[in-house]
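Right, one structure below, let's go through it.
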Amino acid sequence: MNLESPKVSLDKSSEYLFNALTDVKNFEKLMPDNIAKFEVIDENCFEFGLKGMPEIKLVKKEAIPNSKIVLGAASSKLPFTLIANITEIEANKTDVQLSFDGEFNPMMAMMIKGPIGKFIETLANNMHKL
């Protein structure tokens, strides 16, 4: 299952956004209003929970300076990645798009497609808070 957020244009440099997204504690600023838990485990890992959903632990898997950050689920029960693609348009104008890629059975995919789609859209729309 692959979902993408809308592209968000920000008046910030790609370097600034890359550095902000590389610091996992900044993901708390991007979370939706219905967040029930957010905890930084270490510099590469955080755990969050939304009301009515199981808690998820994300680990930074890859970081390509100023262009891409890959976070992956720490648990093999829900194998997925969340990728932030950062594209510099000009000196202080950058596009960010999030993509979610997961391997789920058709029943699970059907149940989570809507909530996950809304979730990554909210994360993208909150990028201006960084």
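Once rounded to the nearest 0.5 Å, the distance linking NE2 of His128 with NZ of Lys29 reads 11.5 Å. Interatomic distance, NZ of Lys129 versus CG of Leu10, reported as 13.0 Å (0.5 Å rounding). Between the CG atom in Asn85 and the CD1 atom in Ile69 there is a gap of 10.0 Å [rounded to 0.5 Å]. Atom-to-atom distance recorded for Ile56:CD1 and Ser75:OG is 9.5 Å, nearest 0.5 angstrom. For the atom pair CE (Met1) and CG (Leu3), the distance works out to 4.5 Å, reported to the nearest 0.5 Å. Rounding to the nearest 0.5 angstrom, the gap separating the CD1 atom in Ile89 from the OG atom in Ser13 is 13.0 Å.
Counting non-hydrogen atoms of neighbouring residues, nucleotides and ligands closer than 6.0 angstrom, the NZ atom of Lys93 exceeds 12 such neighbours. Around the CD atom of Glu39, the shell of radius 6.0 Å holds more than 12 heavy atoms that belong to other residues, nucleotides or ligands.
Qualifying side-chain contact (heavy atoms from CB on, under 4.5 Å) partners for Thr122, counting only residues two or more places apart in sequence or in other chains: Pro32, Asn126. In terms of the side-chain hydrogen bond (donor to acceptor under 3.5 Å, both in side chains) criterion, Glu121 has no residue partners (sequence neighbours excluded). Not a single salt bridge (Lys or Arg N to Asp or Glu O under 4.0 Å) links Asp42 to another residue, sequence neighbours left out. Residues passing the side-chain hydrogen bond (donor to acceptor under 3.5 Å, both in side chains) test with Glu55 are Lys37, sequence neighbours excluded. For Thr87, there are no side-chain hydrogen bond (donor to acceptor under 3.5 Å, both in side chains) partners two or more places apart in sequence or in a different chain. In terms of the side-chain contact (heavy atoms from CB on, under 4.5 Å) criterion, residue partners of Ile35 (sequence neighbours excluded) are, by chain and number, Met31, Phe38, Phe48, Leu50. Evaluation of the salt bridge (Lys or Arg N to Asp or Glu O under 4.0 Å) rule for Asp23 yields Lys25 as partners, not counting sequence neighbours.
Among all heavy-atom pairs drawn from Val96 and Met127, the shortest one is CG1-CE, 3.9 Å. Here the closest non-hydrogen pair linking Pro6 and Ala124 is O-CB, 4.1 Å.
Distance alone, capped at 3.5 Å, is enough to place a donor-acceptor pair between the Thr94 side chain and the Lys12 backbone.
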Subject >> Verdict with reasoning, Leu82 to Asp101, per side chain to side chain contact (heavy atoms under 4.5 Å, CB included) >> reply: CA-CA 7 Å; Leu82 180 65; Asp101 197 14; over 6 Å; no

**OP:** Begin with the C-alpha distance, continue with both residues' side-chain angles, and end with the deciding distance and a verdict on side chain to side chain contact (heavy atoms under 4.5 Å, CB included) for Phe46 and Leu71.
**Re:** CA-CA 10 Å; Phe46 66 94; Leu71 299 172; 4.1 Å; yes

**OP:** I would like to know whether Asn125 and Val8 meet side chain to side chain contact (heavy atoms under 4.5 Å, CB included); could you show each step before the answer?
**Re:** CA-CA 7 Å; Asn125 288 336; Val8 178; 4.2 Å; yes

Subject >> Derivation and outcome, side chain to side chain contact (heavy atoms under 4.5 Å, CB included), residues Asn92 and Tyr16 >> reply: CA-CA 9 Å; Asn92 276 316; Tyr16 174 87; over 6 Å; no

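Annotation for Ile41: hydrophobic cluster partners, listed by chain and number, are none (ILVMFWY side-chain heavy atoms under 4.5 Å, direct or chained). In the hydrophobic clustering, Ile83 connects to Val70, either directly or through intervening members, whenever side-chain heavy atoms lie under 4.5 Å apart.
Listed by first and then second residue, the ring-ring contact (aromatic ring centres under 6.0 Å, His included) pairs that reach into residues 52-80 are Phe80-Phe100, sequence neighbours excluded.
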Side-chain donor/acceptor pairs under 3.5 Å, residues 105-115, sequence neighbours excluded:
residue : atom : partner : partner atom : Å
Asn105  : OD1  : Met107  : N            : 3.1
Asn105  : OD1  : Met108  : N            : 2.7

Validation: residues 57-66 side-chain donor-acceptor distances under 3.5 Å, sequence neighbours left out:
residue : atom : partner : partner atom : Å
Lys60   : NZ   : Thr22   : O            : 2.9
Lys60   : NZ   : Asn44   : OD1          : 3.2

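Using a 4.5 Å cut-off on side-chain heavy atoms (C-beta onward), Glu88 and Ile86 make no contact. A heavy-atom distance below 4.5 Å is found between the side chains of Leu130 and Leu17.
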